[in-house]
Amino acid sequence: APRGVRAEVLQYAYPLNGAPSAVTRAVGGMRGVFYARDELGRSVMAMASPVTGTSWLLVSAVEVAEVFADVQRREFLALALPVSLLLLVSAGVVVAILRRTWRRERELMQALQRNLWWLESAQEAAAIGHFAIDPVRGSIQMSALCRQIYGVEAARLALQDWVELIDPADRERVATVPAQLARGEEVKRLQYRIRPADTPNTLRWVEVWSKPVQEEAEGEQRVIGVVQDITARKAVEAELAEHRARLEHQLRIDTLTGVANRRALDEAASFQMALAVRGSTPLALLMIDVDHFKAFNDHYGHPAGDQCLRTVAQTLKAQVARAGDLVARYGGEEFAVLLPLAEPNLACSCAKK
C-alpha cells in the first residue's frame with residue numbers, strides 16, 4: 001500500500017469469517033470479500049483484489065452499517081406501512097364508534113330534554129309543582145312552580161321552615177306525614193291549608209300526592225310528590241255544597257206555608273221513631289186539620305185560602321219552641337207536629353194551645 005492508509009487499516013483489522021479463503025482467492029488473481037473489524041472496532045465488509053502486473057493486493061473496506069443502512073431503511077418502511085395502515089384503520093373504527101356513541105348520547109340527551117320540557121309544560125298547564133323530601137337531612141327540594149305556590153324563593157328549605165308555612169289548624173296533622181312516609185306507611189293524598197311566605201295573610205288550599213322511594217345510587221330514602229293549588233276548586237266546592245244545602249232545604253220545605261213538607265216529615269218521623277225504639281223514649285205526633293177550609297176557599301177565593309194556610313202554619317210554628325220539634329204541612333189543609341221526647345202530658349198541652 002504505497003500511501004499506507006489501507007495498510008494501516010489491515011494492520012489492525014482481523015478477520016471475522018471467510019477471510020482466509022478471500023485472501024487465497026485474491027493471491028490467485030480473483031477478488032475475495034470478507035468481514036472484519038477496523039482499528040475502531042467497527043464491523044466492516046472488505047474486498048481484496050490483486051493489482052495487475054504487481055504483487056500488490058488492493059483492499060477496500062466499508063462499514064457494514066453503511067452498507068445495510070438503505071436496506072434497513074427499506075425494511076423499516078416495508079414494516080411501517082402495514083402497521084400504519086393497521087393503526088389508521090383502528091383509528092377509523094374507534095372514531096366511528098366514538099361518533100356513533102356521541103350521536104346516540106346526543107339523541108338520548110335531546111329526548112330527555114324534550115321529555116322534561118313536556119313534563120314541565122304539563123305541570124305548568126295543570127299548575128302542579130313537584131318536590132323531594134330528604135328525611136335524613138331534614139330538607140325539602142322544590143321546583144319553580146312549587147316554590148311559587150308556597151311563596152318562597154330558595155329551591156331547598158329546611159323541613160321546619162316548610163312546616164311553618166302550613167296553617168296552624170292543619171300543621172300538626174301534616175307535620176308527621178314525612179316520617180310516616182319514610183316508615184313506608186300509606187299516605188298518598190293529602191289536602192291542607194297553607195299561608196304562603198310572600199303573602200302570609202292569604203290562605204290557600206293545596207293538594208299533595210306523594211310516595212316514598214329508594215335511590216339506588218345513594219341507597220337513601222326519599223319522599224317525592226306533586227303539589228297543586230286547589231284554592232279555586234275548594235271555593236267552588238264550598239259554593240256547590242251551599243247550593244246543594246239550599247236545594248235540599250227547598251226540597252223539604254213547603255213553598256206555600258214555609259214549613260216542612262210531607263217528604264221532610266216522613267224522613268224526620270222515621271229517624272225519630274228509630275231513636276225512640278232504641279232508647280225507649282217517648283215520641284208524639286199531632287195531626288191538625290183546618291175545619292171548613294174548602295168552604296172558606298170557595299167563598300173567599302184561592303188567594304185568601306192560601307193566606308189562611310200560611311197563617312195557620314206560622315201559628316203552629318210559634319207554639320213549638322223546643323229544638324227538634326217539627327211543624328209540617330201534611331197535605332191540603334192538614335198539618336202535623338212531630339214532638340220527640342214529649343211525654344203524653346206535654347203532647348196534650350201542646351195540642352190544646
Side-chain angles (χ1 to χ4, degrees), residues 6 9 12-19 21-22 31-48 59-126 128-137 139-148 153-157 210-226:
R6 283 302 170 184
V9 172
Y12 292 98
Y14 57 91
L16 291 178
N17 53 10
S21 59
R31 294 180 179 179
V33 180
F34 60 95
Y35 289 95
R37 292 187 183 277
D38 60 10
E39 70 279 9
L40 298 179
R42 296 174 297 186
S43 179
V44 298
M45 184 173 66
M47 182 179 67
V59 178
S60 59
V62 65
E63 293 182 15
V64 174
E66 184 179 350
V67 173
F68 292 102
D70 188 57
V71 176
Q72 292 176 349
R73 185 166 50 254
R74 287 196 298 269
E75 290 179 351
F76 174 77
L77 292 176
L79 180 62
L81 182 59
V83 172
S84 300
L85 290 176
L86 179 60
L87 292 176
L88 184 60
V89 172
S90 301
V93 172
V94 172
V95 170
I97 294 175
L98 291 177
R99 180 176 177 81
R100 182 177 180 182
T101 303
W102 174 77
R103 291 181 59 184
R104 179 59 177 168
E105 182 180 355
R106 186 181 63 177
E107 291 174 358
L108 291 176
M109 185 63 68
Q110 291 176 348
L112 177 60
Q113 292 176 349
R114 183 169 58 253
N115 291 336
L116 289 176
W117 180 80
W118 286 345
L119 176 61
E120 291 177 357
S121 299
Q123 289 181 346
E124 184 177 355
I128 296 177
H130 61 272
F131 62 87
I133 297 177
D134 188 345
V136 178
R137 296 178 177 83
S139 63
I140 177 172
Q141 183 81 22
M142 296 186 289
S143 67
L145 191 54
C146 184
R147 297 197 301 270
Q148 181 179 346
E153 295 182 359
R156 182 181 293 273
L157 283 181
S210 57
K211 64 175 295 186
V213 295
Q214 186 80 20
E215 290 191 358
E216 297 181 357
E218 301 179 4
E220 296 181 355
Q221 188 82 2
R222 293 283 191 277
V223 176
I224 62 172
V226 295

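For clarity, every value in this text was computed on a predicted model and none was experimentally measured.
For the atom pair CD (Glu153) and CE (Met142), the distance works out to 11.0 Å, reported to the nearest 0.5 Å. From Arg106, atom CZ reaches atom CZ of Arg99 across 8.0 Å, with rounding to the nearest 0.5 Å. Note that CZ of Arg147 and CZ of Arg156 are 11.5 Å apart. Values are rounded to the nearest 0.5 Å.
Ser143 contributes no side-chain N or O that, together with a main-chain N or O of Gly129, makes up a donor-acceptor pair within less than 3.5 Å.
Each of Val94, Val95, Thr101 was evaluated against Ile97; a single residue qualifies, Thr101, per the side chain to side chain contact (heavy atoms under 4.5 Å, CB included) test.
Side-chain atoms of Arg222 and Asp134, non-hydrogen and from C-beta on, do get closer than 4.5 Å to each other.
Here the closest heavy-atom approach between residue Phe131 and residue Val226 is recorded as CE2-N, 3.7 Å. Taking every heavy atom of both residues into account, Ile128 and Leu145 meet most closely at O-CD2, 3.1 Å.
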